[in-house]
Amino acid sequence: MSSGQNRALMADPIVSVARRLEGAFAAVAGGPCDPVVRPSDRADAQANGALALAKTLGLPPRDVAQKALDAAGDLSDMVESTEIAGPGFVNVVFSTSFIASELSVAMGDARLGVRAADDAHTIVVDYSAPNVAKEMHVGHLRSTVIGDALVRALQYVGNTVIRENHIGDWGTPFGMLIEHLIDLGEENAAHELGVGDLDGFYKEARRKFEADDAFKGRARNRVVMLQSGDADTLRLWQTLVNESTRYFNKVYTQLDVLLTDDDLMGESAYNPLLAEVVERLRTKGLLEESDGAEVVFPEGFTNRDNEPLPLIIRKGDGGYNYATSDLACVIDRVERLGAQSMLYVVGAPQAQHLQMVESVARMAGWLPEKYVMNHVSFGSVLGSDKKILKSRAGDTVKLATLLDEAVERAASAVAEKNPDMSESDRAHIAQMIGIGAVKYSDLCTDRVKDYVFDWDRMLSFEGNTAPYLQYAHARICSIFRRAGIERSSIRGGQPLLNDPRERALALRILRFDSAVWEMIDTLSPHKLCTYLFDLATDFTSFYEHCSVLKAESDSIRDSRLTLCDSTARTMEQGLALLGIRAPEQM
RNA sequence: GCCUCCGUAGCUCAGUUGGAUAGAGCAUCGGACUUCUAAUCCGCAGGUCGCAGGUUCGAUUCCUGCCGGGGGCGCCA
């Protein structure tokens with residue numbers, strides 16, 4: 001391994017200095033000790049570890065801080081100055097040459113200095129999960145966009161990531177859906193679904209089911225035929241699935257996410273395992289009979305009347321329900337796919353259900369202790385009235401319609417601001433801007449909270465928005481275009497960082513490493529968004545104050561070109577981890 | 001009733017796992033364009049971090065109790 005790769009293991013200087021101080025603090029403490037190094041507004045970083053340590057040692061905090069600095073020895077290869085301040089904080093200022101050389105190393109790394117996972121493993125990410133013959137709406141938007149970003153980030157640092165799209169393709173509604181398909185005629189029905197009128201199809205089927213007893217009877221009979229594997233029924237069912245997934249793929253293409261047919265793992269895929277789930281639970285002695293159903297009582301769950309709450313494995317009528325297939329999922333993911341970690345990107349209302357599934361899986365011994373099953377919960381999309389987002393007619397908002405509107409709005413913004421652009425360029429770029437804006441507005445706030453959907457805000461070029469970040473990237477591309485310089489031609493050098501904005505920008509770029517890891521550690525894409533916004537802000541400030549092409553000297557010009565290129569690469573990669581494109585002009 | 005999530009500037013949101021004086025962006029106000037894309041930048045102002053206790057050197061952050069809002073609580077998925 002070259003020293004370059006070795007250094008790149010910790011691109012963020014704050015991480016580097018933290019590791020250096022960790023030993024020093026440990027020496028003072030006489031055991032492992034966190035130096036608590038954080039970014040600081042009074043220096044580049046501050047170590048707060050002395051205050052806590054002072055307590056256990058019974059010494060004045062400032063003395064402890066001094067001892068730690070003494071133990072750290074010579075830090076001059078990375079640090080310009082250290083200072084003990086206030087009650088015992090250690091303020092750290094990096095040497096500018098260290099920042100410059102670290103940036104050069106990071107930019108020579110294939111991952112731009114982002115640390116590789118030291119525990120890379122196989123992770124299943126379960127996301128999107130629309131229902132066959134039902135329209136995709138904003139709830140699917142959140143799951144799809146958040147899940148996709150997590151997949152990209154987890155993959156980036158070296159994990160093996162398996163995408164699973166657990167579509168709703170089984171269950172009692174398929175009786176009425178198949179009968180409605182027959183009524184319409186297969187050709188007509190396929191067309192209706194193929195063009196994306198899933199809502200109309202589903203609603204009509206449900207209307208007939210509720211209004212027409214004969215239809216209801218046929219539907220019920222059809223469910224039995226489906227479950228018993230009747231060939232003709234299965235063929236009709238497959239038509240529904242195929243037409244729906246064809247439509248989903250259109251939305252996924254528009255949304256620009258990674259999901260393909262290879263990732264489809266619908267509920268029906270687990271049918272062969274359901275009987276085994278029951279048998280295994282029975283063998284373990286976990287299965288109990290309750291009100292005619294076969295259930296498991298995981299500890300710690302109670303119902304309204306404070307009685308134990310069961311997870312229903314097999315209904316009174318002998319049918320299975322979603323808890324059973326979710327348990328089959330766990331078995332399949334652990335035993336067939338070798339997953340050690342499972343992420344469920346599912347709305348907050350499913351929290352208790354997933355807890356119960358995990359609990360039963362652990363009771364049954366299907367989920368080893370160290371394996372994690374993580375609910376990546378998220379809140380709702382709200383309208384400006386702070387209520388769940390609805391269309392003007394009061395229906396749920398069709399995802400496809402919403403995405404079309406995003407692209408339309410972006411197209412008219414581009415047409416207005418950049419009228420010289422060709423029609424085909426504009427269409428292409430509007431796609432990146434409109435879709436990017438929707439995705440970013442979904443990703444940029446803490447996922448556990450609800451968020452307010454606002455067209456004007458998300459498409460604005462001001463504030464924490466995708467267009468603002470994309471614009472920073474486009475401006476850099478524009479500089480190189482204007483100068484007629486290939487970006488790759490100026491790589492490899494170390495930048496001069498004499499202006500405070502140059503220095504701040506370089507340090508910010510190096511913190512990409514930590515930003516990606518914060519996103520991964522907390523499964524929170526908004527951490528990376530916040531970073532990219534800071535990066536764009538630091539760049540724009542640099543851009544306003546440090547002329548690149550009209551720099552005072554050629555060496556400064558080249559140095560600034562290097563900074564521009566480093567910024568653009570980091571921005572493009574960061575946006576890519578969020579599933580967002582970075583156009584070269586806009 | 002029980003469980004769970006949320007409550008930070010007029011609005012929309014951050015706050016790096018307990019650190020110094022709580023930060024952005026909108027909106028308002030005051031400045032900067034024969035431009036490396038002003039789709040931008042610089043500045044002013046704006047706060048009882050829902051309320052009350054507790055833990056400790058130190059709390060927006062952890063604990064308890066209230067108040068307000070969302071969601072969940074047995075055969076739909």
Side-chain angles (χ1 to χ4, degrees), chain A residues 14 36 38-42 46 48 51-52 54-55 61 85-89 91 129 131 168 170-173 267 290-295 300-317 319 321-323 325-326 347-353 355 377 379-380 382 384 386-388 413-414 416-418 444-446 448-452 454 456-457 460-465 467-468 470-472 474-483 511 514-515 518 521-522 526-527 529-531 533-534 537 540-541 543-551 560 564 585-586:
Chain A
I14 293 179
V36 195
R38 303 280 182 268
S40 173
D41 51 357
R42 312 186 173 212
Q46 61 183 58
N48 306 326
L51 287 94
K55 183 80 176 172
F89 302 106
N91 290 341
N131 293 311
W170 203 253
T172 46
E267 289 172 75
S290 176
D291 297 340
E294 295 191 278
V295 307
F301 296 91
T302 53
N303 68 11
R304 236 176 258 279
D305 304 315
N306 222 4
E307 293 157 350
L309 184 66
L311 189 67
I312 294 170
I313 304 301
R314 195 162 195 189
K315 297 186 287 190
D317 66 5
N321 70 356
Y322 74 133
S325 66
D326 282 346
Q350 298 286 339
Q352 185 180 279
H353 168 72
Q355 279 171 22
S377 170
S380 310
L382 307 180
S384 54
K386 288 278 208 169
K387 290 180 178 163
I388 302 280
V414 174
E416 185 192 331
K417 304 291 184 184
N418 202 342
C444 74
T445 64
D446 189 350
V448 305
K449 297 182 186 174
D450 298 343
Y451 82 94
V452 177
D454 182 336
D456 291 334
R457 189 151 39 82
S460 166
F461 286 72
E462 292 175 344
N464 190 8
T465 67
Y468 179 75
Q470 290 171 323
Y471 182 52
R475 283 172 126 182
I476 294 170
C477 295
S478 172
I479 291 173
F480 283 92
R481 231 182 358 257
R482 177 66 64 105
R511 302 222 60 217
S514 287
E518 275 174 36
D521 287 340
T522 60
H526 84 280
K527 303 264 183 187
C529 294
T530 303
Y531 167 81
F533 176 60
D534 289 339
T537 303
T540 316
S541 179
Y543 178 90
E544 294 285 334
H545 296 98
C546 304
S547 185
V548 178
L549 298 180
K550 294 177 199 152
R560 287 180 180 167
C564 283
Q585 54 175 324
M586 54 195 289

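All chains are named by letter (A, B, ...) in the order of the sequence lines, taking the proteins before the strands, and each is independently numbered beginning at 1.
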What nucleotide, of B:rC41, B:rG19, B:rU37, holds the atom closest to the side chain of A:His545? B:rC41
The side chain of A:Thr530 is closest to which nucleotide in this list: B:rU12, B:rG19, B:rA14? B:rA14
For RNA chain B, produce a single dot-bracket line, 5' to 3'. Pairs: Watson-Crick or G-U wobble, both distances under 3.5 Å. Symbols: ( ) within strand, [ ] crossing, | other strand, . unpaired. (((((((..((((.....[...))))..((((.......))))......(((((..]....))))))))))))....
So what does A:Ala515 touch, heavy atoms closer than 4.0 Å: a base, only the sugar-phosphate, or nothing? nothing
Starting the side chain at C-beta, find the nucleotide from B:rA77, B:rG19, B:rU37 nearest to A:Asn131. B:rA77
Length of the line joining A:Asp456:CG and B:rA39:P, which is rounded to integer Å: 18 Å
With C1' as the reference atom in both, quote the distance from B:rA52 to B:rU60 in angstrom, rounded to an integer. 16 Å
Take atom CG of A:Asp446 and atom C1' of B:rU12, then tell me their distance rounded to the nearest Å. 14 Å
Could you list all N or O pairs between the protein and nucleotides 7-10 of chain B that sit under 3.5 Å apart?
unit_1: B:rG7; atom_1: OP1; unit_2: A:Lys449; atom_2: NZ; d: 3.0

Taken to the nearest whole Å, CG/A:Asn418 to P/B:rA39 is 10 Å
For the P atoms, the ones on B:rU8 and on B:rU61, what distance do you get once it is rounded to whole angstrom? 14 Å
Between B:rG70 and B:rG74, how many Å separate the two C1' atoms, rounded to a whole number? 23 Å
Ignoring hydrogens, what is the shortest heavy-atom contact between A:Ala483 and A:Leu549? Give both atom names and the distance. CB-CD2, 3.6 Å
Euclidean distance for P, B:rG69 against B:rU28 (whole angstrom): 32 Å
Sequence neighbours excluded, which residues qualify as side-chain contact (heavy atoms from CB on, under 4.5 Å) partners of A:Asp291? none
Take atom OH of A:Tyr451 and atom C1' of B:rA14, then tell me their distance rounded to the nearest Å. 17 Å
Residues that A:Gln46 engages under side chain to side chain donor-acceptor pair (under 3.5 Å), provided they are two or more places apart: A:Ser40, A:Asn48
Residues forming a ring pair (Phe, Tyr, Trp, His ring centres under 6.0 Å) with A:Phe480, sequence neighbours excluded: none
Atom OH of A:Tyr543 to atom C1' of B:rU40: distance rounded to whole Å? 8 Å
B:rC3 and B:rA24: how far apart are their P atoms, nearest whole angstrom? 40 Å
Could you list the protein-to-nucleotides 24-27 of chain B atom pairs, N/O on both sides, closer than 3.5 Å?
unit_1: B:rC26; atom_1: OP1; unit_2: A:Glu462; atom_2: OE1; d: 3.3

What residues form a side-chain contact (heavy atoms from CB on, under 4.5 Å) with A:Ala293, not counting sequence neighbours? A:Val295, A:Ile312
Please work out if A:Asp521 contacts a base, only the sugar-phosphate, or nothing of the nucleic acid, heavy-atom cut-off 4.0 Å. nothing
Determine: side-chain N/O of A:Ser478 to OP1/OP2 of B:rU37, distance under 4.0 Å, yes or no. yes
Gap in Å between the two P atoms, one belonging to B:rG23 and one to B:rA27, rounded: 22 Å
OP1, OP2 of B:rG15 versus side-chain N and O of A:Lys527: anything below 4.0 Å? yes
Go along nucleotides 70-75 of chain B 5' to 3' and tag each nucleotide: B for a protein heavy atom under 4.0 Å from its base, S when only backbone or sugar atoms are that close, - otherwise. -SSBBB
Using 0.5 Å steps for rounding, measure from the NZ atom of A:Lys417 to the CZ atom of A:Phe461. 8.0 Å
When rounded to whole Å, the CZ to P distance for the pair A:Phe89 and B:rG18 reads 15 Å
Output all residues satisfying side chain to side chain donor-acceptor pair (under 3.5 Å) with A:Glu294, sequence neighbours left out; order by chain, then residue number. A:Arg282
Can you list everything that forms a side chain to side chain donor-acceptor pair (under 3.5 Å) with A:Thr540? Sequence neighbours excluded, please. A:Tyr468
Nearest to the side chain of A:Val448 - B:rU40, B:rC6, B:rC36? B:rC6
Using a heavy-atom cut-off of 4.0 Å across all strands, would you classify A:Ser547 as base, sugar-phosphate, or nothing? base
Return the 5'-most residue of the pair A:Val36, A:Ala413 with respect to RNA chain B, ranking by each residue's nearest nucleotide. A:Val36
Identify whether any heavy atom of A:Asp326 sits under 4.0 Å from a base atom; if not, whether one sits that close to sugar-phosphate; answer base, sugar-phosphate or nothing. nothing
Side chain of A:Pro39 only, please: which of B:rA14, B:rU16, B:rC36 is the nearest? B:rU16
Going from NE2 on A:His353 to CG on A:Leu311, what distance comes out if it is rounded to the nearest 0.5 angstrom? 6.5 Å
Between B:rA39 (C1') and A:Lys417 (NZ): distance, integer Å: 6 Å
Smallest heavy-atom separation, A:Asn131 atom then A:Gly168 atom, equals OD1-CA, 3.4 Å
Side chain of A:Asn48 - closest among B:rG19, B:rC41, B:rA39: B:rG19
B:rG58 versus B:rG19 - spacing of their C1' atoms, nearest Å: 7 Å
Nearest whole angstrom, please: distance from the P of B:rU16 to the NE2 of A:His526. 9 Å
If you look at every heavy atom in A:Arg457 and A:Val452, which pair is closest and at what distance? NH2-O, 3.4 Å
With a 4.0 Å cutoff (strictly under), does any side-chain N or O of A:Lys386 reach OP1 or OP2 of B:rU12? yes
Could you tell me how far B:rG31 sits from B:rA14 if I compare only their P atoms? Round to whole Å. 34 Å
Distance check, rounded to the nearest 0.5 Å: A:Glu267 atom CD versus A:Asn321 atom CG? 9.5 Å
A:Arg475 vs B:rU40: side-chain N/O to OP1/OP2 distance below 4.0 Å: no
Can you name the residues that form a salt bridge (charged side-chain N to carboxylate O under 4.0 Å, His left out) with A:Arg314, not counting sequence neighbours? none
Tell me whether the side-chain N or O atoms of A:Asp534 pair up with the base of B:rA14 as donor and acceptor below 3.5 Å, since no angle test is needed here. no
Of A:Thr445 and A:Val548, the one whose closest RNA chain B nucleotide lies more 5': A:Thr445
Provide the closest heavy-atom pair for A:Pro87 versus A:Pro61 in the form atom of the first, atom of the second, distance. O-CB, 3.2 Å
Work out which heavy atom in A:Met586 is nearest to a heavy atom in A:Pro467; give both atom names and the distance. CE-O, 3.7 Å
Listed nucleotide nearest any side-chain atom of A:Arg481, set B:rU16, B:rU40, B:rU37: B:rU37
Run the side chain to side chain donor-acceptor pair (under 3.5 Å) test against A:Thr522 and tell me which residues pass, sequence neighbours left out. A:Ser524
Rounded to the nearest 0.5 angstrom, the OH-CD distance for A:Tyr471 and A:Glu462 is 11.0 Å
